[in-house]
Structures are given as C-alpha cells and as structure tokens.
Amino acid sequence: MSSDTGSTPGTSPSGNPASRPRIFSGIQPSGVPTLGNYLGALRNWVRLQEGHECIFSIVDLHAITVWQEPERLRTQTLEMAASLLACGIDAERHILFHQSAVRAHAQLAWIFNCVARIGWLNRMTQFKDKAGKDREAASAGLYVYPNLMAADILAYHATRVPVGDDQRQHLELANDIAQKFNHDYGVDFFPLIEPIIEGPAARVMSLRDGTKKMSKSDPSDQSRINLTDPPDVIALKIRRAKTDPEPLPSEPGGLEGRPEARNLVGIYAALAEIPVAAVLAQYGGQGFAAFKEALAELLITHLGPIAAETRRILADPAALIALLQRGAERAAAIADPIVAEAERIVGFLPGRAGLPGRPG
Ligand code: AQP
C-alpha cells in the first residue's frame with residue numbers, strides 16, 4: 001500500500017520529516033474526558049508524539065450523532081481541548097483542532113457512505129450498544145459514524161491510529177472501506193491503517209458495572225473518574241466502586257469471572273506501570289479496603305496536576321479558540337488536497353475557482 005508516511009508531497013504539518021508515520025486520533029467532546037479515555041487513548045497520544053507526526057482532533061461531528069445541547073457542546077469542546085493540552089499534547093509540534101472546522105472530513109465521509117455496505121455497518125457492536133433497544137429512534141449519523149471515522153483518518157492518509165480496544169472493529173471497517181475504494185476505482189490511493197491498542201487498561205470499565213465500559217456520557221457520574229474530579233471525589237468514587245465479597249486473588253488467573261476486581265487491578269497496574277501480577281503480589285489475599293485506598297492515592301497523584309493545568313488553560317478561552325483555529329488551518333492544508341484527489345478519482349468535476357478544490 002502506498003504510504004506509511006502520509007506521503008502527500010509538501011503536506012508535513014509542522015516541519016516533521018515526512019518519514020515519520022502519520023497518526024490520526026480523535027476524541028468526542030461529549031463530556032469531560034474520563035480515566036478510560038486517558039488510559040485507553042490520551043496517555044498513548046502523548047507518548048506517540050515522539051517519533052510520529054500527529055494529528056489530534058476533537059470530533060464534534062461525531063458528538064452530535066447523539067443529542068448535544070449547543071451551548072454545552074461549545075463549552076465541552078473547549079474543556080476537551082484544555083484537558084488534552086494539560087495531558088501533554090503539544091499543539092505546536094503537532095496538530096490539534098476541532099473536526100467541524102475542516103470540511104474535508106464531512107466531504108470524504110459522504111463518499112465513504114457510498115462505498116461502505118449496509119451489511120458492514122449492521123455488524124458494528126458500538127451502534128448496537130449506543131442505540132440501545134430503540135434502534136429506530138437512533139440518528140442516521142450514529143449508524144454511519146464508522147464511515148466518518150474512516151474519513152477522519154484517511155483524509156490525512158494517516159496509517160497509525162491509537163485507540164482503546166472498543167474501537168478495533170471500527171478500524172477494521174475503515175480498512176474495508178479503503179480497500180473497496182481502491183478496488184472499485186482501480187487505484188492505490190488510500191493506505192491501510194494499523195491500530196495501536198496498548199496496555200492493560202486498553203478497556204477501562206465502569207466503576208458501577210465491570211461489564212460495561214467507562215464512558216463520559218454514562219448517566220451515572222459514579223460510574224467514572226473524570227480527569228477534572230477533585231481528590232475527595234476521586235477517593236469517594238473509588239471507595240464506593242462495586243466489588244465482590246472475595247479477597248483479591250494472588251494470581252492474574254484468579255481475576256477470571258470477577259470483572260470489577262479485574263477492572264480496578266487493571267487500572268492500578270496501568271497507572272503504576274507495573275504488571276497485573278505485581279499488583280496482586282502486593283495485595284492478593286487481602287480485602288479491597290487497603291487496595292482501594294492505595295488506588296485512590298495513585299489516581300489523585302496522577303490526575304491532580306492534569307486537573308490544575310486544565311483549569312489554568314481554560315481561564316483564557318479566546319487563546320484556546322485561536323489555538324484550535326490555527327490547528328484547523330494546518331489540518332485543512334493536509335486534508336483538502338487528499339480529499340480533492342479522492343473526488344477527482346470518483347469522477348466529480350473540478351470545484352469552484354479560487355477555492356481549494358479538485359485538481360482539473
Ligand atoms: N473505557 C474506555 N477504556 C479505554 N479506552 C476508552 N476510550 C473511550 N472509553 C474508553 C477511548 O477513548 C478514545 C476517545 O473516545 P471517544 O470520545 O471518541 O468516544 P468513545 O469511545 O465513545 O468514548 P466515551 O468516553 O465512551 O464517549 P461517549 O460516552 O460519548 O460515548 C477512543 O480511542 C476510545 O477507544
């Protein structure tokens with residue numbers, strides 16, 4: 001396949017050598033980022049900034065696939081941007097922007113709506129989870145969400161996508177779309193995407209139900225740790241986190257069939273950056289009380305500085321908006337020519353003169 005490097009000539013966003021693999025990843029401004037977002041995605045994003053050319057997007061087009069109150073959406077977009085910067089995203093060396101500001105995403109998504117097959121979308125488990133029992137009432141946007149996600153990535157010819165385990169299926173679908181596009185039009189235009197899914201906390205589960213993933217939009221705030229939670233709230237949520245009556249096992253195999261215990265131990269291991277076995281070597285055979293106290297301490301130490309930095313950044317919303325707009329200009333400079341070429345391949349006539357459009 002053509003590129004592992006985002007090889008479109010002259011489109012390196014930040015002077016990064018074009019030999020660095022290009023990464024795209026997005027997060028919805030559907031609430032304050034959770035510990036699940038942090039361990040499943042954001043912490044990896046920060047690390048991947050070394051050695052990659054990174055494009056990070058706050059995906060507001062995805063967010064409106066379920067109802068968002070408009071004023072709240074604007075606030076949450078800024079809060080998300082501040083959180084990302086506070087976690088260590090470098091918006092100068094890399095690109096950070098809000099998705100709706102780069103039209104190429106929606107343009108390519110429409111083409112992909114026409115490439116993807118209904119049968120493929122019918123298999124997507126996230127749609128089933130999010131639509132719930134009343135599927136007929138779900139938005140059409142929620143159904144075609146994976147096509148927009150494919151467009152997000154492929155509009156940049158990005159080849160590496162760091163995500164939590166829950167997004168694996170969507171990335172497989174993105175590859176199916178890229179291959180079908182290339183096949184149908186007889187081109188070698190869209191590259192294959194490689195997911196980057198790492199660590200013992202690739203899927204962090206709800207604190208109230210160890211079989212459900214931790215989500216920013218879960219109606220129960222007790223189900224999640226928000227990156228902006230103050231220390232006393234974190235301590236209380238962990239103390240109240242659902243567990244079972246058995247003591248912690250001494251070996252990882254003993255977590256089998258104990259989703260809540262597995263989740264809390266996994267969170268501890270991910271934060272402390274030690275294997276699950278090492279956590280159990282220390283706490284195995286004991287009840288949850290001492291372990292929960294240590295876990296709360298670990299969380300507070302990790303998340304406290306992020307929350308403080310988020311508040312500091314949010315104090316200047318105008319500067320934050322300007323930063324996102326600059327990011328959007330740089331993102332569009334990469335995506336527009338790629339999407340224009342995709343439109344030409346499909347058979348559209350050139351766009352209006354004077355606008356970044358399709359090559360003639
Ligand atoms: N619980 C999780 N464990 C590990 N990774 C997770 N991610 C989300 N939840 C977990 C990862 O975070 C990135 C951004 O996710 P998103 O905002 O695009 O949407 P999502 O996956 O639907 O996340 P939420 O928090 O559950 O949002 P809502 O509540 O709006 O649906 C992704 O890489 C995802 O894998």
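These numbers come from the heavy atoms of this one structure, side chains and all, not from hydrogens, waters or symmetry mates. The first residue in the sequence is number 1, and the count goes up from there. In each ligand, atom 1 is the first atom listed, and ligand 1 is the first ligand listed. Every value quoted in this text rests on a predicted model; they were computed, and no experiment measured them.
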Trainee: Is there at least one pair of N or O atoms, one from Lys213 and one from ligand 1, spaced under 3.5 Å apart?
Mentor: yes
Trainee: With a 4.0 Å cut-off on heavy atoms, is Lys130 touching ligand 1?
Mentor: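 It does; at least one heavy atom falls under 4.0 Å.
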Trainee: Is Trp110 linked to Val59 within one hydrophobic cluster, defined over Ile, Leu, Val, Met, Phe, Trp and Tyr using a side-chain heavy-atom separation of less than 4.5 Å?
Mentor: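 Trp110 does not cluster with Val59.
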Trainee: In terms of side-chain geometry, is the basic nitrogen of Arg262 or Glu256 positioned less than 4.0 Å from the acidic oxygen of its partner?
Mentor: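 Yes.
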Trainee: What part of Arg203, side chain from CB on, backbone N/CA/C/O, both or neither, has a heavy atom under 4.0 Å from ligand 1?
Mentor: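 Arg203 to ligand 1: backbone contact only, side chain stays beyond 4.0 Å.
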Trainee: For Ser30, which part has a heavy atom under 4.0 Å from ligand 1: side chain, backbone, both, or neither?
Mentor: side chain
Trainee: Could you list the atoms of ligand 1 found under 4.0 angstrom from a heavy atom of Met214?
Mentor: 1 (N), 2 (C), 9 (N)
Trainee: Spell out, as yes or no, whether a donor-acceptor pair under 3.5 Å connects the side chain of Asn263 to the backbone of Met205.
Mentor: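 Such a contact is found between Asn263 side chain and Met205 backbone.
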Trainee: Do any nitrogen or oxygen atoms of Gln28 come within less than 3.5 Å of a nitrogen or oxygen of ligand 1?
Mentor: yes
Trainee: I'd like to know whether CZ of Arg47 has more than 12 heavy-atom contacts from other residues, nucleotides or ligands below 6.0 angstrom.
Mentor: yes
Trainee: Need the ligand 1 atom indices (1-based, order shown) with element for anything under 4.0 Å from a heavy-atom of Ser217.
Mentor: 28 (P), 29 (O), 30 (O), 31 (O)
Trainee: By number and element, which atoms of ligand 1 are closer than 4.0 Å to a non-hydrogen atom of Gly26?
Mentor: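 So the answer, numbered in order with elements, is 14 (C), 18 (O).
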Trainee: Do Lys212 and Asp209 meet the salt-bridge criterion of a basic N to acidic O distance under 4.0 Å?
Mentor: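 Here Asp209 does not pair with Lys212 in a salt bridge, since their nearest N and O are not under 4.0 Å apart.
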Trainee: Count the heavy atoms belonging to other residues, nucleotides or ligands that lie under 6.0 Å from CD of Glu293, then report whether that count exceeds 12.
Mentor: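 Incorrect, the count does not exceed 12.
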Trainee: Should the pair Phe181 and Phe112 be assigned to parallel (<30°), tilted (30 to 60°) or perpendicular (>60°) ring geometry?
Mentor: perpendicular
Trainee: For ligand 1, which atoms sit closer than 4.0 Å to a heavy atom of Gly40?
Mentor: 4 (C), 5 (N)
Trainee: Kindly confirm or rule out an N or O of Val204 lying under 3.5 angstrom from an N or O of ligand 1.
Mentor: yes
Trainee: Is the closest heavy atom of Asp166 to ligand 1 under 4.0 Å?
Mentor: yes
Trainee: Against heavy atoms of Ala41, which atoms of ligand 1 measure under 4.0 Å?
Mentor: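 Counting atoms of ligand 1 from 1, those under 4.0 Å from Ala41 are 12 (O), 13 (C), 33 (O).
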Trainee: Is there a nitrogen or oxygen of Gln126 sitting under 3.5 Å from a nitrogen or oxygen of ligand 1?
Mentor: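 Among all N and O atoms of Gln126, none is under 3.5 Å from an N or O of ligand 1.
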Trainee: Under 3.5 Å, N or O to N or O, is Met205 touching ligand 1 that way?
Mentor: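 No: no nitrogen or oxygen of Met205 is under 3.5 Å from one in ligand 1.
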Trainee: So if you build clusters from Ile, Leu, Val, Met, Phe, Trp, Tyr with side-chain heavy-atom gaps below 4.5 Å, do Phe348 and Phe190 land together?
Mentor: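 Yes, it is one cluster - the side chains of Phe348 and Phe190 are joined through contacts under 4.5 Å.
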Trainee: Between Arg326 and Glu329 (salt bridge meaning N to carboxylate O under 4.0 Å), is one present in this structure?
Mentor: no
Trainee: Kindly indicate whether the side chain of Ile27, heavy atoms from C-beta on, has any atom under 4.5 Å from the side chain of Leu84.
Mentor: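 Yes; the side chains approach each other to less than 4.5 Å.
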Trainee: Near Val163, which atoms of ligand 1 are under 4.0 Å from a heavy atom of that residue?
Mentor: 33 (O), 35 (O)
